[in-house]
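Report on one structure; see the data block that follows.
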Amino acid sequence: MNLHEYQGKELFAKYDLPVSMGRVISNAEDAVNACRDIGGNKWVIKAQVHAGGRGKAGGVELINSPNEAVAFAQKWLGKRLVTYQTDADGQLVSSILIEECTDIAKELYLSAVIDRGSQRIVFIASSEGGVNIEEVAKNSPEKVIYESIDPLTGAQPFQARKISKVLGLDKTQTKQFSKILPNLMNLFINCDLSLLEINPLVITTGGNLHCLDAKINIDSNAIFRQPEIAEMHDPSQEDIRESEAAKNDLSYVSLDGNIGCMVNGAGLAMGTMDTIKYFGGSPANFLDVGGTATQERVAKAFKLILADPEVKVVLVNIFGGIVRCDLIAEGVLAAIEEVGVSVPVVVRLEGNNAEKGSEILANAKVKIESLNNLKEAAKKAVELA
Amino acid sequence: MSILVNKDTRVIVQGFTGSQATLHSQQSIDYGTNIVGGVTPGKGGQIHLDRPVFDTMGEAINDVNPNAALIFVPAPFCKDSILEAAESGIELIICITEGVPTLDMLVVKKRVDELGVRLIGPNCPGIITPGEAKLGIMPGSIHMPGSVGIISRSGTLTYEAVKQTTDLGLGQSSCIGIGGDPIPGSSFIDILKLFEADQDTKAIVMVGEIGGSAEEEAAEFIKSEVTKPVISYIAGQTAPAGKRMGHAGAIIAGGKGTAADKILKLEECGVNIAENLLEIGTKTAEVINS
């Protein structure tokens, strides 16, 4: 789960990390008061969406009067911001962050991830900030440091000093960073983060370290023990069908093609998409109905798939492991009837009681292409699409 | 021979009395697996599936002397259950549960490594040695004793590989699902070592998927350390970047972990690639018979 910048900064503030004073608004008329609350005569105003590249897309501006804040809010609230990280539809802007202006002397980069290779939380820092870190790592690897944290000891001061050297910090800033690092580590652990990125972390003209941005991802597996963070979930930033699927405990990702896929198991679901492509077709979605493909779940899955107007045919691929294929066949039939499926349906059943399942489908009133061979089923689906 | 489990493996099931554990334990027992009891805190002293239930692993170890633990407890409690099993002195732990928080696994993995305990999973179908023992949720009927060792990050995709090798009469020595999470207890390399040493395994099928770099690391290992032929299929060739494809670990992040990169690396290291999942069985037969 992703957080908005303003939510990330709220967490930063709780962990005593240096962030700008700011206000979040969701109505244009609140912009003037927000500017007055913050004070000063220069502000940064930022559209809040779950995507990077906002600045280049016009979603971040420097403003000199509260009226400009109102104008910006009127321009963006309720609209969709398209950046190089979003799709062509962009992301809905439902809130805007107004902040005091920070005078920047130097931009740095800092992030923390769970590194799968070393199985540790690793901090990544660079003296080059505000840019794509992968590019820096490729072109000037000496400017990037990776510091791995032992889960039992946590982040130690010597590690902060080590990173400070690479960042080129002076004595005062090194002291500041020695507080920032353990605080970020505590935030990472306590809130079950999977990614934390501050790009840029800046040195202000006053010589102090300051977090100018906040990108945070939370481990979805740990949301159950993070009730406060669960409240921060913003479904408006997700694909409508994907969030509908999540509500029903189905794993769904929408794609560009026209062959709807319903599969049990994530690996097989990907394998099925690949097979469709292999035979020249294009999958409309990834969908894992899970190990227990009951009638109820199958019906919900059909509804989701058919909500996509591009879908011309549905391919159901079930490997009946523990579940019996005859029960699945009955579930598929009942679901088709319940949902009123009008596009052709190709079903491949394999495994436990597959023959009995195919028989049930063959004798059904609705027309279903039932094949117990994935190759033939995928070919058929591609042909019908 | 086989790897990790056989007919002599004495299995204790943690979370024994839960509905999933009951269903799958019964199937394992029917398959011939030697399940010697279970652990469910608060239910010690009861009899479940004709086997004793204990409150703690310590009591189970004293009473029924298991050497493998099979875990079905809900995700929030897996850290506790895995650590309890590891500290009890058991040699092998298999955690089936999906949805364990990654930070829990970070600590658990470090501890089981320190203790020298082998952990398989979480978020996996388990292990089966056909005809001998089934510690997991895979359908026993599609397996057949034979010569192919199968390792996979996915459940149902493993079943495809199993079915195809059974249909072609090759059969399997053992099949291991290492799970689809970012921090698995055992890696491809850990299991490749075991199959390389197993006399009954003539070829190894490695089913990978997008995300992380476990397949690339395995490729390097295969090049230098594995003498047996390896056949690999990588799922997710059509997966978009930045989206989690069901499994927590199946995500292309920062342009890394694509199927194309993995396939390229595996090919470079001499691994036989099944381009499509339909070809896993035939490719394996071709390699074995050549």
Side-chain angles (χ1 to χ4, degrees), chain A residues 85 113-114 116-117 119-121 133-134 150-152 188-189 192-195 219-225 242 251-253 255-257 263-279 282-283 286-288 290-291 317-322 350-352 373-375 378, chain B residues 23-24 27 75-76 98-107 109-110 125 137-139 141-142 152-160 163 180-183 207 209-214 217 233-240 242-250 253-255 259 275-278:
Chain A
Q85 283 190 0
V113 295
I114 297 174
R116 293 161 69 158
Q119 304 185 326
R120 295 277 184 279
I121 293 169
I133 188 67
E134 273 109 29
D150 189 306
L152 299 184
F188 202 103
I189 301 276
D192 275 302
L193 307 198
S194 52
L195 171 90
D219 175 11
S220 311
N221 285 353
I223 293 293
F224 71 89
R225 62 184 178 198
E242 285 174 22
S251 221
Y252 174 94
V253 176
L255 302 167
D256 296 335
V263 187
N264 66 333
L268 187 57
M270 279 189 273
T272 304
M273 286 158 45
D274 294 349
T275 306
I276 287 171
K277 187 89 172 192
Y278 188 74
F279 289 117
S282 181
F286 163 94
L287 193 155
D288 173 11
N317 181 19
I318 304 284
F319 201 111
I322 299 306
E350 182 60 87
N352 203 348
N373 175 315
L374 176 56
K375 187 175 170 183
Chain B
L23 169 74
H24 295 295
Q27 298 216 2
E98 180 176 2
V100 180
T102 309
L103 290 179
D104 284 2
M105 280 309 300
L106 215 61
V107 180
K109 174 71 171 121
K110 187 168 164 69
I137 59 173
M138 64 290 279
S141 61
I142 57 170
S152 171
R153 275 169 71 185
S154 147
T156 41
L157 205 47
T158 320
Y159 310 161
E160 285 286 348
K163 177 88 173 36
D181 276 359
I183 312 276
V207 181
E209 61 188 30
I210 54 160
S213 56
E217 287 147 25
Y233 168 69
I234 306 292
Q237 295 164 30
T238 48
K243 292 276 188 184
R244 172 176 154 169
M245 305 301 278
H247 291 152
E275 270 186 57
N276 188 271
L277 79 95
L278 302 165

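What you see below is based on every heavy atom in this structure, not just the backbone, and it leaves out hydrogens, waters and symmetry mates. So you know, we letter chains A, B, ... as the sequences are listed, proteins then strands, and number each from 1.
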Next on the checklist: Quick one, A:Leu374 with B:Leu278, criterion side chain to side chain contact (heavy atoms under 4.5 Å, CB included). Give me CA distance, side-chain angles, the key distance, then yes/no.
Outcome noted: CA-CA 8 Å; A:Leu374 176 56; B:Leu278 302 165; 3.7 Å; yes
Next on the checklist: Just checking B:Glu98: does its CD atom have more than 12 heavy atoms from other residues, nucleotides or ligands closer to it than 6.0 angstrom?
Outcome noted: no
Item to check | Smallest separation among heavy atoms of A:Met270 and B:Thr238, with atom names | outcome: O-OG1, 4.4 Å
Next on the checklist: Working note: B:Arg244 + A:Ser251, criterion side chain to side chain contact (heavy atoms under 4.5 Å, CB included); need CA distance, chi angles, decisive distance, verdict.
Outcome noted: CA-CA 9 Å; B:Arg244 172 176 154 169; A:Ser251 221; 6.0 Å; no
Checklist entry - Can you say whether A:Leu255 sits under 4.5 Å from chain B via the side chain, the backbone, both, or neither, judging by heavy atoms? => result side chain
Checklist entry - Side chain, backbone, both or neither: which part of A:Thr272 has a heavy atom under 4.5 Å from chain B? => result backbone
Next on the checklist: Just to verify, what does A:Asn373 make a side chain to side chain donor-acceptor pair (under 3.5 Å) with, not counting sequence neighbours?
Outcome noted: none
Checklist outcome for this item: CZ (A:Phe279) and CG (B:Asn276) are apart, to the nearest 0.5 Å, by 6.0 Å
Checklist entry - In Å, rounded to the nearest 0.5 Å, how long is the span from CG of B:Leu157 to CG of A:Leu268? => result 6.0 Å
Checklist entry - Looking only at heavy atoms, what is the nearest atom pair of B:Val107 and A:Leu152, with distance? => result CG1-CD2, 4.5 Å
Checklist outcome for this item: chain A shares the most heavy-atom pairs under 4.5 Å, among B:Gly155, B:Pro240, B:Gly212, with B:Gly212
Item to check | B:Lys110 to A:Pro151 - nearest heavy-atom pair and separation | outcome: CD-CG, 3.7 Å
Item to check | Set of residues satisfying side chain to side chain donor-acceptor pair (under 3.5 Å) with respect to B:Asp104, sequence neighbours excluded | outcome: A:Arg225
Checklist entry - Among B:Thr158, B:Val100, B:Ile142, B:Ile210, who wins on heavy-atom pairs under 4.5 Å with chain A? => result B:Val100
Checklist entry - CG/B:Asp181 to CZ/A:Arg116 distance, rounded to the nearest 0.5 angstrom? => result 9.0 Å
Next on the checklist: Rounded to the nearest 0.5 Å, what separates atom CG in A:Asp274 from atom CD1 in B:Ile234?
Outcome noted: 10.5 Å
Next on the checklist: Please classify the contact between A:Ile223 and chain B as side chain, backbone, both or neither, with a heavy-atom cut-off of under 4.5 Å.
Outcome noted: neither
Item to check | side chain to side chain contact (heavy atoms under 4.5 Å, CB included) evaluation trace for B:Leu103 with A:Ile114 | outcome: CA-CA 8 Å; B:Leu103 290 179; A:Ile114 297 174; 3.9 Å; yes
Checklist entry - For A:Phe188, is it the side chain, the backbone, both, or neither that has a heavy atom closer than 4.5 Å to a heavy atom of chain B? => result both
Checklist outcome for this item: Between A:Phe224 and B:Pro101 the two heavy atoms that sit nearest each other are CE2-CG, 3.7 Å
Checklist entry - Among A:Asp150, A:Ile189, A:Ile276, which residue forms the greatest number of heavy-atom pairs with chain B at distances under 4.5 Å? => result A:Asp150
Checklist entry - Which atoms form the tightest heavy-atom contact between A:Thr275 and B:Leu277, and what is the distance? => result OG1-CD2, 3.6 Å
Item to check | Part of B:Glu160 lying under 4.5 Å from any heavy atom of chain A | outcome: both
Item to check | For B:Ala235 against A:Gly267, the heavy-atom pair lying closest together | outcome: CB-O, 3.9 Å
Next on the checklist: Nearest 0.5 Å, please: how far is NZ in A:Lys277 from CD in B:Gln237?
Outcome noted: 10.5 Å
Checklist entry - How many angstroms lie between CE in B:Met105 and CG in A:Asn221, if you round to the nearest 0.5 Å? => result 11.0 Å
Item to check | A:Gln85, part contacting chain B, at a heavy-atom distance under 4.5 Å | outcome: neither
Checklist entry - Does the pair A:Asn264 and B:Tyr159 meet the rule for a side-chain hydrogen bond (donor to acceptor under 3.5 Å, both in side chains), with working shown? => result CA-CA 11 Å; A:Asn264 66 333; B:Tyr159 310 161; over 6 Å; no
